[in-house]
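Structure first, commentary second.
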Number of protein chains: 2
Amino acid sequence: MQAAISILDNEGAAGLTFRALAGRLKTGSGAIYWHVADKDELLAAATDHVIAKFEPQDVGRLSPQEAIRALALGVFDAIDSHPWVGAQLSGNPFQYAVLRILEGLGTQVVALGIPEKGRFNAATALLSFMLGLAAQYAVASHHFRDGSDRTTALRAVAAKWMELDPEQHPFIHQVAPLLPVHDDREQFMAGIDLILAGIDTSR
Amino acid sequence: MQAAISILDNEGAAGLTFRALAGRLKTGSGAIYWHVADKDELLAAATDHVIAKFEPQDVGRLSPQEAIRALALGVFDAIDSHPWVGAQLSGNPFQYAVLRILEGLGTQVVALGIPEKGRFNAATALLSFMLGLAAQYAVASHHFRDGSDRTTALRAVAAKWMELDPEQHPFIHQVAPLLPVHDDREQFMAGIDLILAGIDTSR
DNA sequence: TGTGAGACTGGAACGGCGTTCCATTCATTT
DNA sequence: AAATGAATGGAACGCCGTTCCAGTCTCACA
């Protein structure tokens with residue numbers, strides 16, 4: 001598991017092959033199949049490891065809103081330090097790591113006093129938002145892996161956006177300059193707060 | 001493009017290989033590379049086709065909120081009838097189809113009168129939620145492809161959730177019975193409405 | 001009318017992937 | 001000392017995306 005996570009961190013999701021992992025462990029690729037059914041299970045197990053490590057403790061002492069923010073920050077930090085986790089979470093929403101996030105969110109939604117009918121929608125809305133943004137960060141960090149740092153890379157994307165027809169894409173033009181200077185963490189938490197505010201109106 | 005979409009609809013994303021597409025078109029796999037740079041571009045083009053077809057017309061006559069709902073419903077219907085689109089959108093958030101969705105959402109966010117600083121976060125929150133739920137539906141429909149219909153398949157997942165330790169997963173237990181009877185479309189729109197309500201408070 | 005050039009084809013070949021298979025080693029129990 | 005099941009490791013299989021390239025087809029221009 002350590003070896004797999006290390007490869008994923010250094011080489012990205014494409015770098016984790018059974019051959020590469022076997023090489024790192026000085027064994028054959030077949031041996032790995034004794035411990036793991038297939039590649040999906042391998043990736044899910046690695047994701048579980050990371051998500052569990054970033055799950056906040058002592059959430060009980062916080063207000064429900066603060067607890068949800070803490071949970072979200074945990075997921076964000078997990079993705080931020082292991083970008084492949086983002087793609088894995090959003091690409092496989094039925095794995096255990098996602099279930100555990102949903103459990104954490106749901107408990108706090110109940111604590112917020114949302115009536116029973118709205119709980120499922122409120123919790124899954126938070127979850128879906130987190131998975132959606134997770135996917136975006138995952139692709140971004142993968143796309144800009146080699147060489148160039150984040151800011152110059154995003155500047156390049158913004159420049160491409162500016163090349164589009166301004167008549168047909170006024171909003172994109174308006175927002176493109178923000179792209180290189182925006183803070184991912186702030187964007188993530190702003191979305192969470194937006195949904196929390198919406199949930200609050202339905203209480 | 002027609003052949004590619006037809007294969008994707010019938011065999012799923014894994015079924016679209018250059019060999020399969022070449023076979024369907026009675027040509028060689030090399031010929032396809034004259035028209036398309038690689039597989040990503042092929043999938044992106046197919047996704048663009050579908051998303052464009054489901055983009056609502058005459059959004060100008062609606063209120064901003066109604067326009068956003070119409071846009072969201074278009075995306076939902078596109079995924080509902082072509083499940084592979086969900087995975088493609090969330091797995092590749094920098095493709096043109098996603099940009100066009102963001103443009104549509106952003107224009108309406110501006111029309112809502114959100115101050116300039118909040119526009120980017122509001123529009124991307126809506127987008128991220130849509131992509132996140134899109135990924136979930138995509139995996140669900142892929143996972144339950146063979147044989148069993150949606151309800152019995154979701155019943156099986158719910159049963160698995162009920163096997164988990166109730167002490168550690170109270171919310172999952174509470175919500176599992178809803179899984180087989182919930183309406184995807186309603187869940188999708190409930191999330192949109194939640195975010196819209198949150199955006200409204202920041203106006 | 002002939003011809004050359006560029007658009008386009010189709011199939012072979014390459015390297016790498018996930019997965020399977022199985023003879024073998026190893027550790028533990030009897 | 002023998003037996004047994006857990007675990008290994010490397011060869012082999014079939015399929016994938018991609019590359020390569022000798023051909024064919026089309027059509028503007030000499």
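Order of the sequence lines fixes the chain letters, A, B, ..., with proteins taken first and strands second; residue numbering starts at 1 for each chain.
A heavy atom closer than 4.0 Å to some atom of DNA chain C occurs in Arg19(B), Lys26(B), Thr27(B), Gly28(B), Ser29(B), these being the qualifying members of residues 19-29 of chain B. For DNA chain C, the neighbouring residues in residues 33-46 of chain B, judged by any heavy atom under 4.0 Å, are Trp34(B), His35(B).
Contact between Arg119(B) and Ile114(B) at its shortest, heavy atoms only, is NE-O, 3.0 Å. Taking both residues in full, the closest heavy atoms of Leu21(B) and Ala3(B) are given as CD1-CB, 3.8 Å, listed atom of the first, atom of the second, then distance. Residues Pro170(B) and Glu103(A) share a closest heavy-atom pair of CD-OE2, 3.0 Å. Considering every non-hydrogen atom in both Leu194(A) and Ala122(B), the closest pair reads CD2-CA, 3.8 Å.
Atom NE2 of His49(B) is surrounded by 12 or fewer heavy atoms from other residues, nucleotides or ligands within 6.0 Å.
Taking Asp58(B) as the reference, Arg61(B) meet the side-chain contact (heavy atoms from CB on, under 4.5 Å) condition, with sequence neighbours excluded.
A salt bridge is absent between Arg185(A) and Asp80(A): the closest approach of a Lys/Arg side-chain nitrogen to an acidic carboxylate oxygen does not fall below 4.0 angstrom.
Taking atom CZ on Phe18(B) and atom P on dT18(D), their separation rounds to 5 Å, with Å as the unit. What separates CD1 of Ile32(B) from C1' of dG10(C) is a distance of 10 Å, to the nearest Å.
Ring centroids of Phe76(A) and Tyr137(A) are separated by less than 6.0 Å, placing the two rings close together.
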Please output the side-chain donor-acceptor pairs of residues 85-97 of chain A that fall under 3.5 Å, not counting sequence neighbours, one pair per line with the distance.
from     : atom 1 : to        : atom 2 : distance (Å)
Ser90(A) : OG     : Gly86(A)  : O      : 3.1
Ser90(A) : OG     : Ala87(A)  : O      : 3.4
Gln95(A) : NE2    : Gln88(A)  : O      : 3.0
Gln95(A) : NE2    : Asn92(A)  : O      : 3.3
Tyr96(A) : OH     : His169(B) : NE2    : 2.9

Would you give me the side-chain donor-acceptor pairs under 3.5 Å for residues 32-41 of chain B, sequence neighbours excluded?
from     : atom 1 : to       : atom 2 : distance (Å)
Asp38(B) : OD1    : Asp40(B) : N      : 3.3
Asp38(B) : OD1    : Glu41(B) : N      : 3.1
Lys39(B) : NZ     : Leu16(B) : O      : 2.7

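Each end of the helix from dT1(C)-dA30(D) to dT30(C)-dA1(D) yields a helix axis from five base pairs, and these two axes differ in direction by 10° (to the nearest 10 degrees).
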